Participant: 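Quick one: the structure is below, questions incoming.
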Amino acid sequence: MASLKRVIIAFGVILFFTQSPLAQTQELSETQPLSYQSVLERLLDNQHVINIVDDFLLFWDEAKDQPLRTQRRLFRRMVENKHRDYFDRAVYRTTDPAVRREILNEFLIRVPSQVDAIREFNRNITDLSTSPLVEAFIYFKARFREYKQESDLYIGLSMYRFDGAVRPVQNDEGEPDTLCLGAEVLSGYTREQTLVALVHEFFHLYHFSFLFKDVDEIPTAEFSTAHIPLMVEGMAVAAAEEVFPYLPHEVYLHFDSGELKEQQRDLRQNSLQFLRLIRENASPAEYQEWFTHVHLGDAPPRGGYLLGYEVVKQVRSTYEMEQMVRMSLSELREHAEEQLSALGNERVLLMALE
């Protein structure tokens, strides 16, 4: 089965090259042998792939037996300073030196037990025959054929903040434009979980290319309402299911089976609760807890992902995903309110009939 998958991936790579213009393919001549870097960048519409993990592993070989203070200094010199925009805009996202130091300390304390797994992940992702990044992109592009990679991609570290994320690394306006991978988190995933996480983030890039297209003409406040992350995340979950169907729903949602059953049981209550947040124009501080792993307040862990997926599933009965990515903020809000209301009332009706 593994060998068959390698053949499929290699065949997919060949198909991509045969569909490229002759002038482009001629650049890869016999004097320039194919490498993982050149093949992947060609697949990614000639965008760069920046591998921070390579720098981290060099750092670790030198710093692993050093005290924490020395490790911090070496990390900043050998890794951070080489990728300043990435760490400033994708990882730390703050200029407070005390907060940055705390994040780095936590990472350096936690990471030793995962270095071997990170090293193996880096080997796999940079091997064309095994790379989950290549496989995810090929299958994603096969489903969303009009998608075009318009920015660089980082095989990076997230300081345990994310498995994958789209961050504003390559612009000064704060628009999310760059796919950033957290290798230390992904190194603990199964291959299926990794593929789903990658496709999830590719879809965000695809969606954001429309959602933020006319951002200068839209009031900033409209991007801060609760329905935006609900629909954005719900659509990405549904897209991953379209690209890799037949996996357990827990994989798309990043739940365990117990969490999924519990939140499905509370779907009505959660739908009405989140609907209230939208209608009351709740601030990000009030709704962000619905999109975190931890249980804060009344929000279930990652509850916004399941609600968003359920909403999108209903909208998908009428619209194709290609139509949904082109919807305006107001259209997305209208669908979110309509479907959350229906989910709440439908559950009330079913309970009344029991």
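Excluded from the calculations below are hydrogen atoms, water molecules and symmetry mates; all remaining heavy atoms, backbone and side chain alike, are included. Here the structure is a predicted model, which is why all the values come from computation and not from measurement.
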Participant: Are the side chains of Glu41 and Asn46 in touch, meaning some heavy atoms are under 4.5 Å apart?
Facilitator: no
Participant: Does any non-hydrogen side-chain atom of Leu230 lie less than 4.5 Å from one of Leu340?
Facilitator: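 Side chain of Leu340 against side chain of Leu230, heavy atoms only: contact under 4.5 Å found.
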Participant: Which distance, rounded to the nearest 0.5 Å, do you find between the CD of Glu286 and the CG of Asn281?
Facilitator: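 Reported value, rounded in 0.5 Å steps: 10.0 Å.
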Participant: May I have the step-by-step check of side chain to side chain contact (heavy atoms under 4.5 Å, CB included) for Asp152 and Val49, ending in yes or no?
Facilitator: CA-CA 6 Å; Asp152 296 343; Val49 177; over 6 Å; no
Participant: So which atom in Ala197 and which in Leu186 form the shortest heavy-atom distance, rounded to 0.1 Å?
Facilitator: CB-CD2, 4.2 Å
Participant: If you apply the rule side chain to side chain contact (heavy atoms under 4.5 Å, CB included), what do you find for Phe162 with Val185, and how did you get there?
Facilitator: CA-CA 7 Å; Phe162 54 79; Val185 178; over 6 Å; no
Participant: Can the ring centres of Phe140 and Tyr147 be said to be less than 6.0 Å apart?
Facilitator: yes
Participant: Could you check whether Glu146 pairs with Arg326 (Lys NZ or Arg NE/NH1/NH2 to Asp/Glu carboxylate O, under 4.0 Å)?
Facilitator: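 Salt bridge present between Glu146 and Arg326.
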Participant: Report the C-alpha distance between Leu205 and Ser209 in whole Å, list the side-chain angles of each, state the deciding distance to 0.1 Å, and finish with yes or no for side chain to side chain contact (heavy atoms under 4.5 Å, CB included).
Facilitator: CA-CA 6 Å; Leu205 280 174; Ser209 68; over 6 Å; no
Participant: Lys141 versus Asp45: any side-chain heavy-atom pair under 4.5 Å?
Facilitator: yes
Participant: Just say parallel, tilted or perpendicular for the rings of Tyr139 and Phe244, cut-offs at 30° and 60°.
Facilitator: tilted
Participant: When you measure from the side chain of Asn171 to the backbone N and O of Glu175, does any donor-acceptor pair fall under 3.5 Å?
Facilitator: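 Judged by distance alone, yes, a pair lies under 3.5 Å.
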Participant: Check whether any side-chain heavy atom of Val196 sits under 4.5 Å from a side-chain heavy atom of Val237, and report yes or no.
Facilitator: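 Contact flag for Val196/Val237 side chains = no.
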Participant: Got a second to check how far Ser328's OG is from Phe210's CZ, nearest 0.5 Å?
Facilitator: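 Separation between the atoms: 14.0 Å.
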Participant: Do Glu241 and Tyr246 meet the criterion of a side-chain donor-acceptor pair at a distance under 3.5 Å?
Facilitator: no
Participant: Do Arg302 and Tyr305 meet the cation-pi criteria used here (NZ or CZ under 6.0 Å from the six-membered ring centre, within 45° of the axis)?
Facilitator: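 Cation-pi check for Arg302 and Tyr305: passes.
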Participant: Between atom CD of Glu289 and atom CG of Leu277, what is the distance when rounded to the nearest 0.5 Å?
Facilitator: 8.0 Å
Participant: Answer yes or no: is there a side-chain heavy-atom contact under 4.5 Å between Asp163 and Ser158?
Facilitator: no
Participant: Any idea how Phe203 and His207 line up, ring-wise: parallel (<30°), tilted (30 to 60°), or perpendicular (>60°)?
Facilitator: tilted
Participant: Output the distance between atom CD (Glu102) and atom OG1 (Thr94), rounded to the nearest 0.5 Å.
Facilitator: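 The CD atom of Glu102 sits 11.0 Å away from the OG1 atom of Thr94.
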Participant: Taking all non-hydrogen atoms of both residues, which atom of Arg279 and which atom of Arg333 are closest, and how far apart?
Facilitator: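 Shortest heavy-atom contact: CA-NH2, 4.0 Å.
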Participant: Just wondering, are more than 12 heavy atoms of other shown residues or ligands nearer than 6.0 Å to CZ in Arg84?
Facilitator: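 Check passes, neighbour count above 12.
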Participant: Can you tell me how far apart OG1 (Thr225) and CD (Glu280) are? Round to the nearest 0.5 Å.
Facilitator: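 Reported value, rounded in 0.5 Å steps: 13.5 Å.
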Participant: Side chains of His83 and Asp55: any donor to acceptor distance under 3.5 Å?
Facilitator: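 Distance-only check passes for Asp55 and His83.
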Participant: Dump the intermediate steps for side chain to side chain contact (heavy atoms under 4.5 Å, CB included) on Tyr189 and His254, then the final yes or no.
Facilitator: CA-CA 10 Å; Tyr189 282 12; His254 206 54; 3.1 Å; yes
Participant: Should the pair Arg100-Asp88 be classified as a salt bridge under the 4.0 Å nitrogen-to-oxygen rule?
Facilitator: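 Salt bridge flag = yes for Asp88 with Arg100.
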Participant: Which heavy atom of Gly156 sits nearest to which heavy atom of Val53, and what is that distance?
Facilitator: O-CG2, 3.9 Å
Participant: For residues Gly303 and Gln263, report the shortest heavy-atom separation together with the two atoms involved.
Facilitator: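 Gly303 and Gln263 have their closest heavy atoms at CA-OE1, 3.2 Å.
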Participant: side-chain hydrogen bond (donor to acceptor under 3.5 Å, both in side chains) for Arg76 and Asn81? Distances and angles first, verdict last.
Facilitator: CA-CA 6 Å; Arg76 287 167 180 154; Asn81 290 343; over 6 Å; no
Participant: Would the Tyr319 and His335 ring centres measure less than 6.0 Å apart?
Facilitator: yes
Participant: Okay, side chain of Asp266, backbone of Gln269: is any donor-acceptor separation there less than 3.5 Å?
Facilitator: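 Side chain of Asp266 to backbone of Gln269: no pair is present.
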Participant: Indicate the atoms forming the closest heavy-atom contact of Leu306 with Gln264, along with that distance.
Facilitator: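 Shortest heavy-atom separation between Leu306 and Gln264 comes out as CD2-N, 4.0 Å.
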Participant: Between the side chains of Asp172 and Arg89, is the shortest nitrogen-to-carboxylate-oxygen separation below 4.0 Å, so that they form an ion pair?
Facilitator: yes
Participant: Please tell me if the side chains of Lys313 and Gln339 come closer than 4.5 Å, counting only heavy atoms from C-beta onward.
Facilitator: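 Side-chain contact under 4.5 Å: no.
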Participant: Can you find a heavy atom in the side chain of Val166 that is under 4.5 Å from one in the side chain of Asp177?
Facilitator: no
Participant: Taking atom CD of Glu322 as the centre, report whether more than 12 heavy atoms of other residues, nucleotides or ligands fall under 6.0 Å from it.
Facilitator: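 Counting other residues, nucleotides and ligands, CD of Glu322 exceeds 12 neighbours.
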Participant: I'd like to know whether Ser129 forms a side-chain hydrogen bond (donor to acceptor under 3.5 Å, both in side chains) with Asp127, so could you lay out the CA-CA distance, the side-chain angles of the two residues, the decisive distance to 0.1 Å, and finally the verdict.
Facilitator: CA-CA 5 Å; Ser129 65; Asp127 181 337; 2.8 Å; yes
Participant: Considering only NZ, NE, NH1 and NH2 on the basic side and carboxylate oxygens on the acidic side, decide whether Glu242 and Arg316 come within less than 4.0 Å.
Facilitator: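 Yes.
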Participant: Answer yes when Glu184 and Arg161 have at least one side-chain N-carboxylate O distance shorter than 4.0 Å, and no when they do not.
Facilitator: no
Participant: Any sub-3.5 Å donor-acceptor pair from Ser341's side-chain atoms to Glu337's backbone N or O?
Facilitator: no
Participant: How close do Ser224 and Tyr287 get, heavy atom to heavy atom, and via which atoms?
Facilitator: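 Taking every non-hydrogen atom into account, O-OH, 2.8 Å.
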Participant: For the backbone of Ile103 and the side chain of Glu106, can you confirm whether one donor and one acceptor N or O come within less than 3.5 Å of each other?
Facilitator: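 The answer is no, because no donor-acceptor pair under 3.5 Å joins these two groups.
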Participant: Using a strict 4.0 Å threshold on nitrogen-to-oxygen distance, state whether Lys261 and Asp256 make a salt bridge.
Facilitator: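 Not counted as a salt bridge, because no side-chain N and carboxylate O are separated by less than 4.0 Å.
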Participant: Measure the acute angle between the ring planes of Phe107 and Tyr160, then classify it against the limits of 30° and 60° as parallel, tilted or perpendicular.
Facilitator: tilted
Participant: Do the ring planes of Phe144 and Tyr206 sit parallel (below 30°), tilted (30 to 60°) or perpendicular (above 60°)?
Facilitator: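 It falls in the tilted class, 30° to 60°.
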Participant: For the backbone of Lys64 and the side chain of Glu62, can you confirm whether one donor and one acceptor N or O come within less than 3.5 Å of each other?
Facilitator: no
Participant: Kindly indicate whether the side chain of Ser271, heavy atoms from C-beta on, has any atom under 4.5 Å from the side chain of Arg268.
Facilitator: no
Participant: To the closest 0.5 Å, what do you measure between CG (Leu307) and OH (Tyr309)?
Facilitator: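 So the CG of Leu307 and the OH of Tyr309 are separated by 13.0 Å.
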